[in-house]
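Just so we're on the same page: letters track the sequence lines, and every chain starts at 1. Every heavy atom of this structure was used, including side-chain atoms; hydrogens, water molecules and symmetry mates were not.
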Amino acid sequence: MSISPATLRLRTALFWAVPVLACALPLATNPYTQFVLNSMLISTLLTLGFNMVIGSLGQLAFANVAFFGLGAYASVIAMNDLGLPWLATIPLSGLVGAAGGFLASAVALRGIRLYYLAIVTLAFGELLRWLYIHADRLTGGTDGLAIPREGFLGFRLGDDTAQFYVFLAVTVVLVKGTLNLLRSRLGRSIVAVRENEIATASLGIPTARVIVTAFMWSGFLVGVAGALFAAHIGRVFPESFGLTQLIVGFAMVLVGGTGSVLGSVLGAVLLTALPEYVRAFPGMEEIFFGLVVIVVLLCLPQGLASLLRRLSPVFLERHFRE
Amino acid sequence: MTELLTVEGLGVRFAGLTALDDVSFRLSEGQVRAVIGPNGAGKTTLFNAISGYVRPTSGRVLLRGQDVAGDSPHAIAGHGIRRTFQNGGLFPALTVLENVLTGLTTETPGSFLDLLLGRRRALEAERAAIAKARALLELMSMGHMADARAGSLSGGQQRIVEIIRTVASEPPVLLLDEPAVGLSPVARAQMMEIIARLTGEKGVAVLLIEHAVELVMASADRILVMAAGKRIAEGTPDEIRADRAVLEAYLGHA
């Protein structure tokens, strides 16, 4: 289906309308709903990063969720030990996550793929968690680390509304950046590697560099999400970054739609919001979460994004940009 | 005619098995050389050795006099030797246009930051690549399929798109691995026309593996016949038709 210039303009307008309208949301929130909204933005970045390797590149690299913890710890340690303001730790956490992505890509480049990559990277994530517990001089062990109370230039980290605007700005910039990448020759190359790595190389595309870049950008996004998470919770401890986090991230990718930026946003928002509705009933959250995943995947195996794509070409995601 | 590709004494040995044994030939601008032979003759191994997918254990592959043997596949493709695949190498989830654009990747400059930030430099390169890809698709009467998913095309259309993608960056040397396999007579005729245009108008040197005899006889300038990893005959189509060794390789001893 070809996309007309009018549709393209509508798409651009829709893209920017979402964050502009979101700016008004804190007017209508209470402290609890504001907290949930902030969680959604963090989940969006986490899912966006995870989807990059799982969906677009098609590699079961589970370590990339572990970089969430890496980013969170990096942010808190940089604040406590280096005295950096929180805002400055955001790009730093991104770079730490990207470094983690670089290491994980080295495993994939050794020819360890699919289920083998899944197990190796799972073990890597658990190893990191072990490190958070045992490197207690740096990480505070099982108690974790608290973030300093006062922020930068009077910016109080504890203020959820102020956080919201920072989170929103960071998320919008990184979603836009990721869209730019996916619509460029790099995005095409990433999908090409997933579809047929041998044929990709035959076009003069350095497949190893493509894989490393995708892993690193994924790690960057997840690392940044970690820095936001640290400010959001006010404390980091090992239990936040275990298998549950991986399963939630994976579910968000699948429910939203693999390889889709729109899907990452939808999956993160839906699976953060829905369990909150049953929070009043203990134990129901997990069951409800599981039910939502099953129902969506049964009805829409390609995820929520595929439903919108069917409704209007505005939601088509393509890998080029005119 | 300029000599583009020179293969000298190329050999591939896997642990005791000789898959390719001392094969040599030359390929000039605008020339079509067919490689024929029974299954297991080493034709695809020859392609893999030239294009870097298998490391040759002996011999040289010269592109315009420069030895490229042993380079990685993407480096060899970057030098200008490009190939297609016997079982099809399209990316099914990408559209036809996006597939052709992947063939123009080396022609689309821009650093990571240019792409990330959507800088003008990167966007202009992207637009130029799209214009070129669309023009190529139009030229090959595939313009109307530009936005279709490659996976939804018929086998014949996929073969044609794969060739368009492979020649998009205008490589001087093209390796076609059974481009006509599974094609209808109409598509086969179209394929022959495309090959003729590439060699005649663009001066591309084509190395062609093909079982369809009429395609080989009609489009090849010279034919290399292989059996059991060795060259057993070489010559014009007429010479090959009359060659005893060839008949024996195909039909067994009479």
Side-chain angles (χ1 to χ4, degrees), chain A residues 1-4 12 55-58 94 98 173-214 216-217 220-221 258-260 302 309 313 316-322, chain B residues 51-53 72-85 87-95 97-99 101-110 112-119 122-123 125-127 129-131 133-134 144 146-148 150-151 162 165-166 168-169 171 175:
Chain A
M1 198 182 335
S2 198
I3 299 182
S4 69
T12 310
S56 302
L57 187 65
V173 166
L174 291 181
V175 166
K176 178 68 179 137
T178 304
L179 275 173
N180 284 352
L181 289 179
L182 285 173
R183 284 179 194 156
S184 75
R185 63 149 210 269
L186 179 63
R188 290 190 290 274
S189 301
I190 289 171
V191 176
V193 166
R194 176 189 79 204
E195 299 277 296
N196 191 335
E197 195 171 338
I198 288 173
T200 307
S202 80
L203 303 167
I205 298 172
T207 51
R209 200 189 303 167
V210 169
I211 292 171
V212 172
T213 309
M216 287 182 72
W217 181 248
F220 184 87
L221 295 170
T258 51
S260 158
Q302 316 270 346
R309 273 200 297 274
L316 273 180
E317 287 174 70
R318 302 180 309 171
H319 293 287
F320 66 97
R321 188 169 168 188
E322 258 164 323
Chain B
S51 55
Y53 286 92
S72 65
H74 82 256
I76 290 175
H79 292 318
I81 301 176
R82 299 227 172 168
R83 66 171 293 179
T84 62
F85 293 85
N87 35 21
L90 281 189
F91 311 124
L94 292 179
T95 66
L97 178 68
E98 288 161 356
N99 264 281
L101 285 172
T102 58
L104 287 164
T105 302
T106 52
E107 324 269 290
T108 318
F112 176 81
L113 275 182
D114 289 340
L115 304 179
L116 177 69
L117 303 174
R119 285 191 183 141
L123 292 184
E126 175 83 357
R127 275 189 210 112
I130 293 169
R134 285 201 192 279
H144 60 293
D147 291 308
E162 191 182 355
R165 185 183 76 180
T166 311
S169 65
L175 277 51

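Put simply, CZ on A:Arg321 and CD1 on B:Ile130 are 10.0 Å apart, with the number rounded to the nearest 0.5 Å. Distance CG/B:Leu101 to CZ/A:Arg188: 4.5 Å, rounded to 0.5 Å. For the atom pair CG of B:Asn99 and NE2 of A:His319, the computed distance is 11.0 Å after rounding to the nearest 0.5 Å. A distance of 4.5 Å separates CZ in B:Arg165 from CG in A:Leu203, rounded to the nearest 0.5 Å.
Across every non-hydrogen atom of A:Ala199 and B:Phe91, the tightest pair is CB-CE2, 4.0 Å. Nearest heavy-atom pair, A:Phe320 versus B:Glu126, reported as atom, atom and distance to 0.1 Å: CA-OE2, 3.3 Å. For the residue pair A:Asn180 and B:Gly118, the shortest heavy atom distance occurs at ND2-N, 3.6 Å. Between B:Arg82 and A:Ser202, the shortest heavy-atom contact is CD-O, 3.8 Å. Between A:Ala201 and B:Ala77, the shortest heavy-atom contact is O-CB, 3.8 Å. Of all non-hydrogen atoms in B:Ala93 and A:Glu195, the two that sit nearest each other are N-OE1, 2.8 Å.
If you measure heavy-atom distances from B:Ile81 to chain A, you find no contacts under 4.5 Å at all. When heavy atoms are compared at a cutoff of 4.5 Å, A:Leu179 does not approach chain B at all. Both the backbone and the side chain of B:Phe112 come within less than 4.5 Å of a heavy atom of chain A. Looking at A:Thr213, the atoms closer than 4.5 Å to chain B (heavy atoms on both sides) all sit in the side chain, from C-beta outward.
Paired with A:Arg318 under the rule side chain to side chain contact (heavy atoms under 4.5 Å, CB included), one option of B:Asp147, B:Leu94, B:Thr95, B:Leu97 passes, and it is B:Asp147. Results of the side chain to side chain contact (heavy atoms under 4.5 Å, CB included) test with A:Ser184 over B:Thr108, B:Leu116, B:Leu115 single out B:Leu115 as the only residue that passes.
Looking at residues two or more places apart in sequence or on another chain, you find a side chain to side chain contact (heavy atoms under 4.5 Å, CB included) between A:Ser56 and A:Leu182, A:Ile190. Taking A:Arg194 as the reference, nothing meets the salt bridge (Lys or Arg N to Asp or Glu O under 4.0 Å) condition, with sequence neighbours excluded.
Per-residue counts of heavy-atom pairs under 4.5 Å with chain A were compared for B:Pro73, B:Gly78, B:Ala129, B:Pro92; the largest is that of B:Pro92. Per-residue heavy-atom pair counts under 4.5 Å with chain A were compared for B:Thr106, B:Leu117, B:Thr102, B:Leu175, and the maximum is reached by B:Thr102.
In the displayed structure, A:Gln302 atom CD is contacted under 6.0 Å by at most 12 heavy atoms of other residues, nucleotides or ligands. Other residues, nucleotides and ligands contribute more than 12 heavy atoms inside 6.0 Å of the CZ atom of B:Arg119.
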